[in-house]
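Counting from 1, the numbers follow the sequence of the chain as shown.
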Amino acid sequence: MHIPPFDNANAPIVDADDPRVPLNYFNIVKLKSGEAFEYQVPGYETCIVPATGTVDVDVEGVSFAALGSRGIDVWDGEPEGIYVPSGARARMVCQSDSAEVFVAGAKYDTVLEPFDVRADGIDFVQYGSDDTKTHRKIKHILGQKQHDKVGRLLVSELYTVGQGGWSGFPSHKHDTDRLPDETRHDETYNFRFRPNHGSGLQMLQRVDNEPGDAYHIVDGSTILIDNGYHPCCALPGYEMYYFTILGGLSQRSLVQFFQPTHAYQVETIPGIKDMVAKFK
């Protein structure tokens, strides 16, 4: 499902127990200097990631100062994040002129410990190639490095490398728990483009070799992946970014099932197996 950009007034775009992606939570919080925002999501662990700007964060009395250093957009520096345990009360205060902050969540009951992930703790992966039109970079905020400190939540930023090209290909899905072949992970994206009048396409093919759905994505679009194979692409001449939230039903590690028609192309894309291994 496509949710076009709108002023959410700091209210969740994907709230707890959303009927389409019940394992996910997503909010965008916009603040001006000195403004504060507080939230608490029972039954969901969350991660605070400034898209731009800097915030101080308090999680149940544990303080994290000066989170985020990006200026004009998500291409302007590296991401940082704060892990907020399930049901914990978190408060952020804007320390820059303004801030736009992503709050990502996954359903999980066990209460763990809060921690921060600074720029030097981000896990980077770059794979694909210009020749295969699949060149992209992934910055894992809650990824493999944090595996033993998080319950079900995976949070990453994905960038197309160059202008135009495909992401999420070979097409894959992860909507059914049937280990060892596949896990159920609900997924939510928020897209940005540079220049911001750029756009792209999100496909959602429910059944192999049958026509599916396609959504015209623009700067600020949110996509909910409930089921099906889901590659996306940017128009030529534009760079694409998407903030990615994955919430697992039975485990944190993601097991993708590649679409049978296109699965052989795993062997044609440089580095894709290393990319798959990082979603743990």
Under 3.5 Å, is there a donor-acceptor pair linking the side chains of [X] and [Y]?
{"X": "N190", "Y": "T222", "value": "yes"}
{"X": "S129", "Y": "H135", "value": "no"}
{"X": "R136", "Y": "S167", "value": "yes"}
{"X": "H174", "Y": "E187", "value": "yes"}
{"X": "S86", "Y": "D109", "value": "no"}
{"X": "E210", "Y": "Q205", "value": "no"}
{"X": "T46", "Y": "Y39", "value": "yes"}
{"X": "D97", "Y": "S33", "value": "no"}

inquiry  = Starting from I48, can I reach Y25 by hopping between I/L/V/M/F/W/Y residues whose side chains sit under 4.5 Å apart?
reply    = yes
- Message: Are M1 and F243 connected into the same hydrophobic cluster when the rule is that any two of I, L, V, M, F, W, Y join if their side-chain heavy atoms are below 4.5 Å apart?
- Response: yes
Are the charged groups of [X] and [Y] less than 4.0 angstrom apart, N to O?
{"X": "D213", "Y": "R206", "answer": "yes"}
{"X": "R70", "Y": "E100", "answer": "no"}
{"X": "K139", "Y": "E78", "answer": "yes"}
{"X": "R152", "Y": "E45", "answer": "no"}
{"X": "R118", "Y": "D120", "answer": "no"}
{"X": "R20", "Y": "D186", "answer": "no"}

On the 0 to 90° scale, with breaks at 30° and 60°, tag the [X]-[Y] ring pair as parallel, tilted or perpendicular.
{"X": "Y241", "Y": "F102", "answer": "parallel"}
{"X": "Y83", "Y": "F115", "answer": "parallel"}
{"X": "F193", "Y": "F191", "answer": "parallel"}

- Message: The test is ring-ring contact (aromatic ring centres under 6.0 Å, His included); show your working for H230 and H172 and say whether it passes.
- Response: CA-CA 6 Å; H230 48 275; H172 62 274; 4.7 Å; yes
Set out, in order, the CA-CA distance, both residues' side-chain angles and the distance that settles side-chain hydrogen bond (donor to acceptor under 3.5 Å, both in side chains) for T188 and N24, then state yes or no. CA-CA 7 Å; T188 297; N24 289 171; 2.8 Å; yes
The residue among V55, D116, V62, V117 that forms side-chain contact (heavy atoms from CB on, under 4.5 Å) with I82 is D116
Heavy-atom nearest pair, A99 first then T54, reads CB-N, 4.3 Å
| query | Within 45° of the ring axis of F257 and under 6.0 Å from its six-membered ring centre, is that where the NZ or CZ of R178 lies? | reply | yes
Given the options Y229, F169, W166, H262 meets ring pair (Phe, Tyr, Trp, His ring centres under 6.0 Å) only with F169
Passes side-chain hydrogen bond (donor to acceptor under 3.5 Å, both in side chains), N27 versus N10? Steps please. CA-CA 7 Å; N27 196 2; N10 293 349; over 6 Å; no
